[in-house]
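Below: one structure, written as structure tokens.
Worth knowing before you read on, the calculation uses all heavy atoms, side chains too, and leaves out hydrogens, waters and symmetry mates. Order of the sequence lines sets the chain letters (A, B, ...), proteins ahead of strands, with each chain counted from 1.
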Amino acid sequence: MTTGLVFDREFLLHEQSPTHPERRERLSYTIDQLREEGLFCHPRIRLVPPDRATREQVERVHHSEYISFLSEASRTGGFIDFDTLVPKGLLDSALLAAGGAIRAGISVWTGECANAFALVRPPGHHARAGTGAGFCYVNNMAVMVRQLQHEGAKKILILDWDAHHGDGTQSIFYEDPSVLFLSVHQRPLYPGSGDIDEIGEGAGRGYTVNVPVPPGTGDESYYHIFESVIAPLAEEFAPDLVAISAGQDVHFTDPIAGLAVTARGYAEMVSRAVALSERICHGRVVAVLEGGYSVEGGLPYTNLGIIAALAGLSLENLREPAMYQDLLLRASDPSAHERVCRTVEKLQGLLSPHWECFSESPGR
Amino acid sequence: MLMGMDIGGTNTDIAFVDGEITSEKVPNTAGIDAALCHVSRRGRLAVSTSTPLNRILAQECPKVVTILIPGMGLVHGDGVRGAVNHCGDIVEDIDRNEVDRFLRENPADAVAIAGKFSVRNPALEIAAAECARRYYPEERIAQSHTLSVLDFPARVGTTRLNAGIRDEVFRLYSLLGTKRKDYLFFRGDGGLTTPENALRDPSVLLHSSSAAVALGAHYLTGLSGCLAVDIGGTTTDLVPVEEGMPLIRELAFNGERTVTRCVEAEALPYGGDSVITDRLLPRREGNALAFGGRLPTLTDALNRIGYEIGDSGTSISLDRQRAEDVVGEYCSMVAAAVARYDQERIVGCGFLAPFLVPEIARRAKKSFTLPIHGASANAVGVAVSRVSLSLHAHFDGLRGRVVLNGEVGRIERVGDDDELVAFCTGELRRRALAAGAHPRDLDDIRLIHCTSFDVIRGSYRRYRIADIVVQVAPGITAEAR
């Protein structure tokens, strides 16, 4: 079985401005790294070309009026917020990114690939049903999830570990018990949401889970969150597929977030997600690129780490250049882990009425 | 005058194309010098050779040790310290003592040196090569950065291959260089390259004889689709031809990928010099009895069943029944291989083709053609090929550097992709004309590869890095049409 890699050179075309952090170099450096590693010719990797998402697919998530606005603004150029300008031709780029996520999801759902990574941009997890925000226009992850449900998937787990809270995705599925949305993110940080008491509403109560972590949080804390929150919830929810909103601004070199995760730590998280999915949903994992703005010291290594972990390749040599070690020391906060442990305990208590796995939690 | 020379394991074929075709065959026992004496001093000389490939087929490659500088990322085997990143920055230096210790503890006949991202900055490979020169002569050291392609595992495979054959190519280079400076090597993908480029990447010469046969078969018969069956002294090569050109594939070596592209060809390890004991062996031990050798061969078997090749009387020591059996066995084996191809017509090439190809075709149920000068189809193919040089260009705005086919130069400014492609196309045109290309052949210059990215410093795009490969499309030169 192979790992699908969704990429198209058209993903490099979108640009808000030459100095905007959501820049094409986020992918161009990575593509060179992958090419030099020989991954495009690796027997365990299959390059999967994306198709543009259709309006029907996108409107399963977004309001028709919003898509019409994007269409109109894409002709002339437009504005959503100061972080999220609409450059000419944006809708084509956004639909290709959403289509890339769909293609990755379908390739796994149909068994064409064991798992997949959609190396798409622009990202999507801040986009809500009626508006874009935070560099995002179309919620690629949500569009993929709705398409998979259209194809027959019943329950999907979204694991969003971008440094920024995935507020758009959360709002789309906030009342939906067929999707367990689980976000680990830095707080305080844009967009400011994602506290532990945001747990869903109505039928969806208990199906939104937020783990805010303080600046300086590193690998050890992420492993702890994985084992004490993500894994037990995933086992109890028993989804048909695990979808990862793979934001990589948790990396310690990221210029607009303050976390301290290493490339090896990141790859290890994906490796655990793969092992988890093998236990609960036949190994079906789809990762979709979200944020991550360290074009030189972070993304080439974290993206490589995701692919290596998905494909079951050795992670032994996955690391940043030694020259970045000082940056890691500066980014890390040794006190963060204890605070993360306290948050986890409190969260387990809050969720205990909804999840059997936390019924004996000390924070209950 | 177009001249082609194919140096095989047994003979050197020479062809002259100048309105009409003439060809000659010179036994290698007389030496390359003797073959070169037949070559005119005027006109374009192109040379193909199967001797590096024969060394591989005979499993006579020297033992190669590999110094890997894998840096960060995926595991590609044990390596030494040192790392270059995608921008070409040295982010971890090499430890020369570690390299020296590795070389002392791992003695071999030749050394391959390959570093990740060395095509972006070769400094670490060059430093390792300096250490290696204490133990190995230059012609037994191969480095990966000269391959100019991003794909570390494939560069490792190619560099190991190059380490194993570089001294053989160096030997040819030195021999030919004593007689002529202005010649070109014929590549395994049907193009031509300069001797200096062949030394940097000897793997491009592998299967060049097969590529030459494909062009020669097409040129001599006018058939755009056929299967060339080239019966040489050491091997019998099957080369499919489509639209007048051989099919091209990625070369693999010892189960590893390489960056080298070469003709799609099947080499059966039997030829006119294959030795006969109780049966035909996939081994050459000198010439046939009929050509002064010590042991009976397939050529002697043909003499025993009625042909008169060379000094045919000397083949008498071979039992006639055994000769019939061996010829039948050879024809069946080749016919079985030929039958697997879709091409309806086979073109017989090589000195023994007239004696064997009709029977091979009958057994394979194919039609056949035996062109005049088919015995030297390889040399004809080399002679009529275009000067299809390629140019591998790396532009590094950060260091103000341009690397063209491994030669480092300066550049003031790295422009956009269109400007760079135009620059490369112009430079390739200039080099091809200087190497003797016909101007009309340069109408078809192809962009093989183009990638670029901007280096970001402090949120701004500061420099551009680009890699571009352009090539004059291989084929038959307008001068020969």
Side-chain angles (χ1 to χ4, degrees), chain A residues 9 12 15 17-45 253 255-256 262-264 267 293-305 307-309 311-325, chain B residues 68 70-79 81-93 114-120 144 149-158 250 252 255-259 398 417 449-467:
Chain A
R9 291 199 68 79
L12 303 178
E15 181 171 272
S17 78
T19 55
H20 196 286
E22 207 292 279
R23 59 197 325 152
R24 62 173 178 246
E25 287 81 8
R26 294 181 61 224
L27 282 186
S28 52
Y29 282 38
T30 291
I31 294 305
D32 268 15
Q33 186 78 36
L34 303 187
R35 187 176 286 125
E36 177 67 343
E37 298 285 4
L39 278 177
F40 291 121
C41 301
H42 197 285
R44 290 194 203 169
I45 304 292
T253 60
I256 63 174
T262 65
R264 178 71 175 274
Y293 309 96
S294 173
V295 293
E296 196 165 320
L299 281 158
Y301 308 112
T302 50
N303 279 322
L304 179 64
I307 296 164
L313 305 175
S314 171
L315 308 182
E316 192 185 323
N317 195 34
L318 264 171
R319 60 180 179 84
E320 304 77 10
M323 61 190 273
Y324 289 116
Q325 281 309 301
Chain B
L68 286 180
M72 303 75 59
L74 297 185
V75 175
H76 300 281
D78 289 338
R81 262 167 287 182
V84 173
N85 72 4
H86 39 275
C87 296
D89 302 323
I90 296 172
V91 291
E92 291 174 19
D93 208 352
K116 200 178 284 175
F117 281 118
S118 64
V119 295
R120 293 273 158 83
S144 88
V149 176
L150 276 186
D151 188 340
F152 181 56
R155 279 207 317 281
V156 171
T158 316
E250 189 183 77
E256 292 187 300
R257 290 192 301 111
T258 73
V259 300
L398 188 66
D417 289 356
H449 177 85
C450 177
T451 56
S452 61
F453 66 87
D454 295 299
V455 177
I456 306 299
R457 292 285 184 269
S459 295
Y460 292 97
R461 293 189 176 125
R462 293 292 187 188
Y463 314 98
R464 297 196 76 229
I465 288 179
D467 294 281

Chain B heavy atoms under 4.5 Å from A:R23: which part of the residue, side chain, backbone, both or neither? side chain
Which answer fits A:L34, side chain, backbone, both or neither, if we ask what part of it has an atom under 4.5 Å from a heavy atom of chain B? neither
Under 4.5 Å to a heavy atom of chain A? For B:V119 that would be neither
Max heavy-atom pair count under 4.5 Å with chain B, selected residue of A:H20, A:E316, A:E37, A:R319: A:E37
Just jot down the side-chain contact (heavy atoms from CB on, under 4.5 Å) partners of A:P321, sequence neighbours excluded, or say none. A:Y301, A:M323, A:Y324, B:M72, B:V91, B:E92
Let me know if A:E25 has heavy atoms under 4.5 Å from chain B in its side chain, its backbone, both or neither. side chain
Does the distance from a Lys or Arg side-chain N to an Asp or Glu carboxylate O, for A:E296 and B:R462, drop under 4.0 Å? no
Selection from B:I465, B:N85, B:V149, B:V75 maximising heavy-atom pairs under 4.5 Å formed with chain A: B:V75
OG1 of A:T302 to CZ of A:R264, rounded to nearest 0.5 Å, is 15.0 Å
Could I get the full list of ring pair (Phe, Tyr, Trp, His ring centres under 6.0 Å) partners for A:Y293, not counting sequence neighbours? A:F135
What's the verdict on side-chain contact (heavy atoms from CB on, under 4.5 Å) for A:Q33 and A:N303, showing C-alpha distance, side-chain angles and the deciding distance? CA-CA 9 Å; A:Q33 186 78 36; A:N303 279 322; over 6 Å; no
Could you walk me through whether A:Y29 and B:C87 pass the side-chain contact (heavy atoms from CB on, under 4.5 Å) check? CA-CA 9 Å; A:Y29 282 38; B:C87 296; 4.0 Å; yes
Carboxylate-amine/guanidinium contact B:D89 B:R457, below 4.0 Å: yes
Counting only non-hydrogen atoms closer than 4.5 Å, does A:P300 touch chain B with its backbone (N, CA, C, O), its side chain (CB onward), both, or neither? side chain
So which residue, A:P21, A:S28, A:C41, ends up with the most heavy-atom pairs under 4.5 Å with chain B? A:C41
Chain B contact via A:L304 - side chain, backbone, both or neither, heavy atoms under 4.5 Å: side chain
